[in-house]
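Heads up: the structure comes next, in structure tokens.
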Amino acid sequence: MIELLTELLSYAFVVRALIVGVLVSLCAALLGVSLVLKRYSMIGDGLSHVGFGALALAMALNLSPLEVAIPVVAVAAFVLLRISENSRIKGDAAIALISSSSLAIGVIIISYTSGMNADTSNYMFGSILAMSESDVLLSVGVSVVVILLYVLFYNKIFAVTFDESFTRATGTNAGRYNTLIALLTALTIVVGMRMMGALLISSLIIFPALTSMRLFKTFKQVVISSAILSVCCFVAGIILSFIFSFPTGASVVVINLLMFVIFSAIGLVKKAIA
Amino acid sequence: MKLISCEGVTIGYDGQRAVNNVSFDLEQGDYLCVVGENGSGKSTLVKGLLGLIKPQEGSITFDGLAPNEIGYLPQQTVIQRDFPASVSEVVISGCLNRRGLLPFYSRLEKERAAAKMEQLNITDIRKKSYRDLSGGQQQRVLLARALCATEKLLLLDEPVAGLDPMMTAELYQLVAELNQSQGITVLMVSHDLDSAIQYGNKILHMKTATAFFGSTADYLKTEMCQQMMGARKND
Ligand SMILES: Nc1ncnc2c1ncn2[C@@H]1O[C@H](COP(=O)(O)OP(=O)(O)OP(=O)(O)O)[C@@H](O)[C@H]1O
Ligand SMILES: [Mg+2]
């Protein structure tokens, strides 16, 4: 095991993937609690698909992938949030339309410029090789900002998540914090997308929160458990990915699924005993 | 001193008027009971006062009352059944509007939340999960949260719905006490005419439009009131 770890850490690309991955898992888990509880999970999914389209476009135009994707996905976050807040139009259907359209456009751009190849699969399901050195710097910067803002606004995020109309009625600008949540989610998704894959990044957001809610009953516990769980699953996933050369994203998701099953089982046993 | 004055307020949903041309004043120290049948626009009016829905016509003026000095107990709280949150997390979230942009709760807010929990007798369940409580306990938790949010004005939308008679009496007693000894102005939506008359010094009877607004003593003299009391005695 030790040998394996030293071998793993001797590769610069693995170290890069670990640094970015741990930070992104942390961000995704924190935001995920609010997104799941606010029933905004679809936004995460939609954003990752929009991100895929933006990445494809950046590649075709020979631009830096993150610099194109970050603004595009941030704008998409605003739009998707407005759509799901406005219940009069079918929110989830509209999001599904946007997300599959972006995916389709992205795939067409890719097959037009470079043809469907291993790269495309990496985009969709994740690759441990995805991060270059400059990506790492940008990703670390973005993740630190996301975590800092989350901690600073933790109490507000709780209030807006628990009961938005009370929070609004008692004089807090709830819309501002919804936007903050959506924006932070957009950043997290863009940064994590190439490693986790456009199709799988949203599970990084959803799984830890759902898993933690099987066992824990207060918001703080759920947030802390999600953060720890998410990081552990990511590290385990990357080891799995390295040993068997599975796509990174898929490996991480499988580990998350395993933890979900374990937590659910413990939850059921606890209930049966109580 | 006037705290709120509503003039000709009209609020609608998709062109349908739910509140039509309603005017009333709320003075500091008042205990105003809003009564009326189901669908007569009571909750809509409360949401209008809170700025959750924008009135189409008319004006709502606050005097010496900032939006962050209002406590609110909603009629139905659309909180998911499985939301993980402890009682103390929920109660202290009422203190949020005193923090402004400051990120964390200070000792002051923690003490305030503790005091409100003590007052509502929920201190011993403070570590429990909100979702595991009975309806009455949940209602008390939300009232404690509302009390954390205000020292001036409490808006309560059918606070006793779903409470047992003991709890109902206790809650009325508590709100009356807050009104009398702490000088908190109360606006309570209620279907319980008896206690509306017993505790409220003013009554607003809604039938989409204002059917009556004035002092409780005057309300007792109206035909409408006698009819409602009579109707109830017959069933
Ligand atoms: N979100 C909404 N969308 C559309 N119409 C609504 C909405 N909420 C309320 N209404 C309508 O507005 C009218 C007034 O509703 P409101 O909830 O204010 O009544 P209420 O007096 O509080 O009734 P209750 O005693 O049942 O609580 C009703 O006809 C209702 O159908
Ligand atoms: Mg109502």
Side-chain angles (χ1 to χ4, degrees), chain A residues 32-41 85 87-88 147-177 180 208-226 263-264 267 270-271 274, chain B residues 13-14 46-53 62 65-80 82-105 109 126-132 141-142 145-146 148-150 153-155 157:
Chain A
V33 178
S34 284
L35 290 172
V36 166
L37 288 169
K38 280 174 93 61
R39 304 217 183 284
Y40 281 174
S41 320
E85 274 176 350
S87 50
R88 236 173 283 173
I147 293 168
L148 223 62
L149 285 175
Y150 188 89
V151 171
L152 283 178
F153 290 109
Y154 170 82
N155 288 318
K156 279 149 185 122
I157 290 175
F158 169 79
V160 171
T161 308
F162 181 70
D163 188 349
E164 190 174 321
S165 45
F166 176 87
T167 311
R168 203 182 287 272
T170 52
T172 301
N173 186 341
R176 193 197 288 163
Y177 297 105
L180 179 74
L210 277 185
T211 305
S212 304
M213 278 161 59
R214 299 289 119 190
L215 278 191
F216 296 105
K217 291 185 164 189
T218 78
F219 194 76
K220 200 183 229 161
Q221 287 170 353
V222 169
V223 166
I224 292 172
S225 149
S226 298
F263 270 54
S264 303
K270 258 177 95 178
K271 217 182 221 168
Chain B
Y13 300 99
D14 309 314
V46 169
K47 285 178 193 157
L49 293 175
L50 289 166
L52 295 174
I53 314 178
F62 290 90
L65 185 75
N68 66 352
E69 292 175 316
I70 299 177
Y72 170 46
L73 185 65
Q75 177 172 16
Q76 288 149 341
T77 318
V78 271
I79 293 162
Q80 290 178 61
D82 53 352
F83 198 106
S86 69
V87 168
S88 42
E89 281 177 322
V90 174
V91 172
I92 203 169
S93 75
C95 294
L96 190 71
N97 59 2
R98 345 185 107 237
R99 296 304 292 157
L101 277 174
L102 295 174
F104 307 112
Y105 296 120
E109 277 100 26
R126 70 183 185 283
K127 291 203 174 124
K128 271 199 157 190
S129 183
Y130 177 81
R131 65 185 180 198
D132 295 338
V141 172
L142 295 185
R145 177 183 67 166
C148 276
T150 189
L153 172 65
L154 206 48
L155 298 180
D157 197 346

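Protein chains get the first letters and strands the later ones, always in sequence-line order, with residue 1 at the start of each. All of these numbers come straight from a predicted model, not from anything done at the bench.
Checking Thr218(A) against Ser86(B) by side-chain atom types alone, no donor-acceptor pair falls below 3.5 Å. Between the side chains of Thr167(A) and Thr172(A), no donor-acceptor pair is found at a separation under 3.5 Å.
With a threshold of 4.5 angstrom between heavy atoms, Leu102(B) approaches chain A through N, CA, C or O but not through any side-chain atom. Heavy atoms of Val87(B) lying under 4.5 Å from chain A are absent altogether. Val151(A) touches chain B through backbone and side chain together, each having a heavy atom under 4.5 Å away. Heavy atoms closer than 4.5 Å to chain A are found in the side chain of Ala149(B), but not in its backbone.
Nearest heavy-atom pair, Arg168(A) versus Leu52(B), reported as atom, atom and distance to 0.1 Å: CD-CD2, 3.6 Å.
With sequence neighbours excluded, no residue satisfies side-chain hydrogen bond (donor to acceptor under 3.5 Å, both in side chains) with Arg126(B).
Heavy-atom pairs under 4.5 Å with chain A were tallied for Ile70(B), Val90(B), Ile92(B); the largest tally goes to Val90(B).
By the 6.0 Å and 45° rule, Arg99(B) does not stack over the aromatic ring of Tyr105(B).
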